[in-house]
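Chain identifiers are assigned alphabetically (A, B, ...) following the order of the sequence lines, protein sequences preceding nucleic acid strands; residue numbering begins at 1 within each chain. Scope of the values below: all heavy atoms of this structure, side chains included, with no hydrogens, waters or symmetry mates.
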Protein chains: 2
Amino acid sequence: MHSNPSQRIDLKGLAQVLGLSMTTVSRALNGYSDVSEKTRRRVEKQARLLGYTPNAQARRLTSGMTETIGFVLGDVSGYYDDPYFAQLLAGMSEVLTRLNYDLVISTRGAGGDPLGGYRRLVDERRVDGIVLDRTRRDDERIAFLLEAGMPFVSFGRSEVSGDHAFLDADCEEAGYIATRRLLGLSHRRIAFLGAPRGYMFNHLRLRGYERALNEAGLDIDPQLVTVTAYEEEGSFHAATGLLRLDHPPTAIVCIDDMAAMGAIVAVRSEGLEVGEDVSIIGYNDIAPAALMDPPLTTVRIDSRAAGRRLAEMLLAVIAGRPASVFQEVWAPTLVVRSSDGPAFASRLYPTGTPPLATTPDQPLPAGEA
Amino acid sequence: MHSNPSQRIDLKGLAQVLGLSMTTVSRALNGYSDVSEKTRRRVEKQARLLGYTPNAQARRLTSGMTETIGFVLGDVSGYYDDPYFAQLLAGMSEVLTRLNYDLVISTRGAGGDPLGGYRRLVDERRVDGIVLDRTRRDDERIAFLLEAGMPFVSFGRSEVSGDHAFLDADCEEAGYIATRRLLGLSHRRIAFLGAPRGYMFNHLRLRGYERALNEAGLDIDPQLVTVTAYEEEGSFHAATGLLRLDHPPTAIVCIDDMAAMGAIVAVRSEGLEVGEDVSIIGYNDIAPAALMDPPLTTVRIDSRAAGRRLAEMLLAVIAGRPASVFQEVWAPTLVVRSSDGPAFASRLYPTGTPPLATTPDQPLPAGEA
DNA sequence: TTGTAAGCGTTATCAA
DNA sequence: TTGATAACGCTTACAA
């Protein structure tokens, strides 16, 4: 493109070559109206010729804008194995790059401070705005950012969510439609394989699950509601526990597809058939979901689109639009594949009548035909 | 921590409060030796009290360092679904944060220029260094960064790799041990389900595959070497093609675990059993690999550790160490699980003698017992 | 050991 | 329509 990349030219140099002042050149390049069309063209041409590009740091210092938004990784062990996360990133990057914005990823940093990573971004003014995910019911990050006056948008709500921007899936609906689907397949003992209770998405999905059950006239059996360490191994163990109950579930609503994978393995290792003896429904619809065996029935949310939208919202908030305007809840959709099936196919309850939550009167160990 | 977060204090303000010059305060805070211990303590205490943190932009402008390294996402469609990528990021972040470095993620940007994203980072001096991945045999990014004088490190070598830092798995070895493993299980018709030829890792792994076959006295059957679009769907189709050959393979070496997932689905949909009729070996050992059905035998490389090491190397190069010192090739390890098994178990060749590459004399369609 | 002052490369204010 | 000049907040020669 330009002659010599190693010999950078700055605004002053460019102005000198053109016989103009830095001011004029700067304005010509930034599309100000008070520059003659002729001058502008001349400047633009020369800039291109000499490969001039403004120094981002200098521009940031003067303008007070960093043209950067931040994302803080959660704890370092296994949280972000989930492909949904890469999709979220890719989606954000798509729109950010278009607007010449950078996305910086940092981690929480050492030390117990869960706010550490956020403090750094805020205090050192490294970013113009922040994206949060995996919100908790009472999320201290939200309080912190609100008080610091840092623009942000969260992927997920919280119970303290007031005047901030967020994008969220309708988690309650997600839990509801998954459970409804299973009820429609005549399942009566349906388990909920969840994440820790503090997470807002877990809370809401569980609520949807409970609502569906109640509407069907069924009680909630606490034994069927589990909380995992939110990892695949955790879900494997949790699912195994469920399947070894005196009255095991014939269906499991899983908090996400990764958890569903763990559950599938658990079902198999108990000698049972997925989609027959035990139905499984996931959440997210990550790429591997369609390729699993059996292909996973799941509740889909488009994380790449979510990433794009989150970035757009944040950029708008940074630009000064009131944050509370941007509060979106997206409807998830059920993607039916093959990991669920009618309850009567299950060998767990050959008589076809699993006991209700409160009346365990038909003991029958798991894994028997 | 500090009194009023909305009312930032800068170096000048802090100096004023302390009755010192900016210089002294700056040096005290940056650990210079020519500041009296007493002054330093006083400064540090006051700084903490007032919640002073240096403005990152200003520091960057003066120092000429951005304290940021860059990573450019490949094309936007499905490349980074792979969990290995999230691991790489997490690993890099771990060490970067410790040193107060940021990681910025950008995309290639619109327009056909494959160097677009890199140009932006380099020209606008947004980063001190760059990490590349998925190198190609003749990688123009390497040439570009070399010429631009931008420090970088690549995850993967290239054929033009001279004086730059890289970390790579021993890909040839990886292809070799996977193939050896299958040969040891008496397989004779072993396919290679690869990525496009331009990729260096594909090139080397294929070489390892070929070497193992040759050492075993077997010819390479071009029909058994496929190139996919490097996505799961692509590998599904490619694997299906392989299985429908007149003389289908009894084993498939896959370019990565995601491809292996596609292959597994293909095997099943042809009515065959994974690990019996057709053995599958993956690469990477992503988290879901152990949870798949059957658990995937794969060649493991620790991408999180790789991420950490890449960051360390890059930081060293940025600090001025000669790049060519940092050229590491890591040995991969075979993780045996259940997706591979002895050739005699395959119903594809009941007589136990699959034809060699050049002499297809025993036609026997796939999927027959 | 501490302070003065000159940058770093922009953008923005105010005259001309 | 254009041009001096002053910020922006920090680091670092160079003096004291």
What's the [atom1]-[atom2] distance between [X] and [N], to the nearest Å?
X       : N      : atom1 : atom2 : value
B:Met65 : D:dT12 : CE    : P     : 12 Å
B:Leu29 : D:dT12 : CG    : C1'   : 15 Å
A:Leu20 : D:dA4  : CG    : P     : 10 Å
A:Gln16 : D:dG3  : CD    : P     : 13 Å

Quiz item: With side chains defined as the heavy atoms from C-beta onward, is the minimum distance between A:Val43 and A:Gln46 less than 4.5 Å?
Solution: no

Quiz item: With a 4.5 Å limit on heavy-atom distance, are the side chains of B:Leu88 and B:Phe155 in contact?
Solution: yes

Quiz item: Are any of the side-chain nitrogens in A:Arg308 or A:Glu312 under 4.0 Å away from the carboxylate oxygens of its partner?
Solution: no

Exercise. Answer yes or no: is there an ion pair linking A:Asp102 with A:Arg60, defined by an N-O contact shorter than 4.0 Å?
Key: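 Salt bridge flag = yes for A:Arg60 with A:Asp102.
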
Self-check item: B:Ser36 side chain near C:dT1 phosphate (N/O to OP1/OP2, under 4.0 Å)
Solution: no

Quiz prompt | Letter per nucleotide, 5' to 3', of nucleotides 8-14 of chain C [B base touched, S only sugar-phosphate touched, - untouched; heavy atoms, 4.0 Å] | solution = BBBBBBB

Self-check item: Single hit among A:Arg141, A:Arg136, A:Arg137 for salt bridge (charged side-chain N to carboxylate O under 4.0 Å, His left out) with A:Asp139
Solution: A:Arg141

Quiz item: Looking at C:dT2, D:dA4, D:dT1, which one has an atom nearest to any side-chain atom of A:Ser21?
Solution: D:dA4

Exercise. Measure from NZ or CZ of B:Arg119 to the centre of the six-membered ring of B:Phe144 and say whether it is under 6.0 Å with the direction within 45° of the ring axis.
Key: yes

